[in-house]
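Both backbone and side-chain heavy atoms feed into the values below; hydrogens, waters and symmetry mates do not. Just so you know, residue 1 is the first one in the sequence shown, and it goes up from there.
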Amino acid sequence: YYQKKDYEVAVPAEEKTLDKHISLPPLKALLELNSEPTGATVKLDGKVVGTTPYSEQVNCGKLMASLEKSNYSWHGKIEIDEKGAKRTVSLKANPAMVDISSVPSNTKVQLLKGNKEVFSGVTPCSTKLMPGHYEVNFSKGGFRKKVSKEKIIWPKTELEGKLERAIGHISVSVVPQ
């Protein structure tokens, strides 16, 4: 996309052709970007150019755009023609890295969101989960089960379960015969 310009070129009568190089400036148009949530950093072709709501004259053509805020992001291509481009984007939440350990290790761990299991593994382990509140259950034979409510935050959360040995009592009675 380039600006249209008219040029008058005089070709001398003795020449049949004329070699003339003309540089046309790129055509610009208005790009408007909005996001939910607002206040996202705007990158065009990898360069930070502002925050949403964003409204600037840019060169027409195809651009790689990304909008990022905290643990939310969107990436895509935008084509801007001479009429410009306007887009409102709902940013998607990014998952958080969750590193899980326990004492003792080799303990079964289960994470629940509501009543639904979203992860099950054996420590030490890692997974990716959406930020939020989870019930975390650690269990291992010979140890008391540990249950806790934990908040997973972006970009990374570390969970550790410390289990206590299960201690029981035995009562022995001797009855003479």
Side-chain angles (χ1 to χ4, degrees), residues 30-56 58 61-80 84-175:
L30 184 65
L31 172 62
E32 296 179 78
L33 294 173
N34 292 297
S35 65
E36 285 296 325
T38 61
T41 299
V42 177
K43 289 182 182 178
L44 298 177
D45 289 334
K47 181 180 174 189
V48 175
V49 294
T51 58
T52 60
Y54 176 81
S55 180
E56 290 289 332
V58 298
K62 292 180 183 177
L63 294 172
M64 288 301 300
S66 64
L67 306 178
E68 299 172 350
K69 180 177 182 174
S70 189
N71 68 313
Y72 294 92
S73 65
W74 174 86
H75 305 279
K77 287 183 185 177
I78 297 176
E79 184 159 357
I80 301 143
K86 185 175 185 176
R87 183 156 309 161
T88 298
V89 175
S90 292
L91 303 180
K92 297 188 190 272
N94 294 321
M97 176 56 78
V98 183
D99 291 332
I100 308 166
S101 62
S102 66
V103 176
S105 61
N106 204 30
T107 296
K108 182 178 181 198
V109 63
Q110 178 186 46
L111 280 82
L112 301 148
K113 184 80 170 169
N115 290 328
K116 183 181 175 189
E117 180 182 282
V118 293
F119 177 78
S120 180
V122 176
T123 63
C125 55
S126 296
T127 188
K128 288 185 176 182
L129 295 171
M130 297 309 289
H133 295 275
Y134 293 83
E135 179 179 309
V136 182
N137 300 318
F138 290 94
S139 60
K140 182 171 184 154
F143 292 84
R144 290 187 185 167
K145 182 176 182 179
K146 180 176 181 185
V147 177
S148 62
K149 302 282 185 192
E150 302 293 338
K151 184 177 181 180
I152 304 298
I153 58 172
W154 184 86
K156 184 176 180 178
T157 299
E158 294 182 5
L159 302 175
E160 182 180 47
K162 292 184 180 179
L163 281 68
E164 297 175 7
R165 284 215 172 266
I167 300 174
H169 297 0
I170 187 167
S171 180
V172 178
S173 298
V174 179
V175 178

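Counting only heavy atoms from C-beta outward, the side chains of Leu163 and Val103 never approach each other to under 4.5 Å. Between Val118 and Lys113, the closest side-chain pair of non-hydrogen atoms falls below 4.5 Å.
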Exercise. Apply side-chain contact (heavy atoms from CB on, under 4.5 Å) to Ile78 and Arg87, showing your working.
Key: CA-CA 9 Å; Ile78 297 176; Arg87 183 156 309 161; 3.5 Å; yes
Quiz item: Given the rule in the side-chain contact (heavy atoms from CB on, under 4.5 Å) test, do Lys77 and Leu63 qualify, once you have shown the distances and angles that lead to the verdict?
Solution: CA-CA 6 Å; Lys77 287 183 185 177; Leu63 294 172; over 6 Å; no
Exercise. Please assess Val98 against Leu159 for the test side-chain contact (heavy atoms from CB on, under 4.5 Å), listing each intermediate value before the final yes or no.
Key: CA-CA 7 Å; Val98 183; Leu159 302 175; 3.8 Å; yes
Quiz prompt | Derivation and outcome, side-chain contact (heavy atoms from CB on, under 4.5 Å), residues Ser120 and Val109 | solution = CA-CA 6 Å; Ser120 180; Val109 63; over 6 Å; no
Run the side-chain donor-acceptor check on residues 34-44: report pairs under 3.5 Å with partners two or more places apart or on a different chain.
{"from": "Ser35", "atom 1": "OG", "to": "Pro37", "atom 2": "O", "distance (Å)": "2.6"}
{"from": "Ser35", "atom 1": "OG", "to": "Thr52", "atom 2": "OG1", "distance (Å)": "2.7"}

Donor-acceptor contacts under 3.5 Å from residues 123-137 side chains, at least two apart:
{"from": "Thr123", "atom 1": "OG1", "to": "Ser102", "atom 2": "OG", "distance (Å)": "2.5"}
{"from": "Thr123", "atom 1": "OG1", "to": "Asn106", "atom 2": "N", "distance (Å)": "3.3"}
{"from": "Thr123", "atom 1": "OG1", "to": "Thr107", "atom 2": "N", "distance (Å)": "3.0"}
{"from": "Thr123", "atom 1": "OG1", "to": "Thr107", "atom 2": "O", "distance (Å)": "3.4"}
{"from": "Ser126", "atom 1": "OG", "to": "Asp99", "atom 2": "OD1", "distance (Å)": "2.7"}
{"from": "Tyr134", "atom 1": "OH", "to": "Met130", "atom 2": "O", "distance (Å)": "2.6"}
{"from": "Glu135", "atom 1": "OE1", "to": "Lys149", "atom 2": "NZ", "distance (Å)": "3.4"}
{"from": "Glu135", "atom 1": "OE2", "to": "Asn137", "atom 2": "ND2", "distance (Å)": "3.3"}
{"from": "Asn137", "atom 1": "ND2", "to": "Gln110", "atom 2": "OE1", "distance (Å)": "3.3"}

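Scanning for salt bridge (charged side-chain N to carboxylate O under 4.0 Å, His left out) contacts around Arg144 gives Glu164, with sequence neighbours left out. Listed by chain and residue number, nothing satisfies the side-chain hydrogen bond (donor to acceptor under 3.5 Å, both in side chains) test with Thr157 (two or more places apart in sequence, or in another chain). In this structure, Asp45 has no side-chain hydrogen bond (donor to acceptor under 3.5 Å, both in side chains) partners at least two apart in sequence or on a different chain. For Ser148, the side-chain hydrogen bond (donor to acceptor under 3.5 Å, both in side chains) partners at least two apart in sequence or on another chain are Glu150.
Annotation: the span from Leu30 atom CG to Ser55 atom OG amounts to 4.0 Å, rounded to 0.5 Å. Separation of atoms CG (Leu33) and OG (Ser66) is listed at 10.5 Å; rounding is to 0.5 Å. Ile153 CD1 to Ser70 OG: the interatomic distance, rounded to the nearest 0.5 Å, is 10.0 Å. For the atom pair NZ of Lys146 and OG of Ser139, the computed distance is 13.0 Å after rounding to the nearest 0.5 Å.
Phe138 approaches Glu160 most closely through the heavy-atom pair CZ-C, 4.0 Å. A pairwise comparison of heavy atoms in Pro104 and Phe143 identifies CG-CZ, 3.6 Å as the closest pair.
More than 12 heavy atoms of other residues, nucleotides or ligands sit less than 6.0 Å from atom OH of Tyr54.
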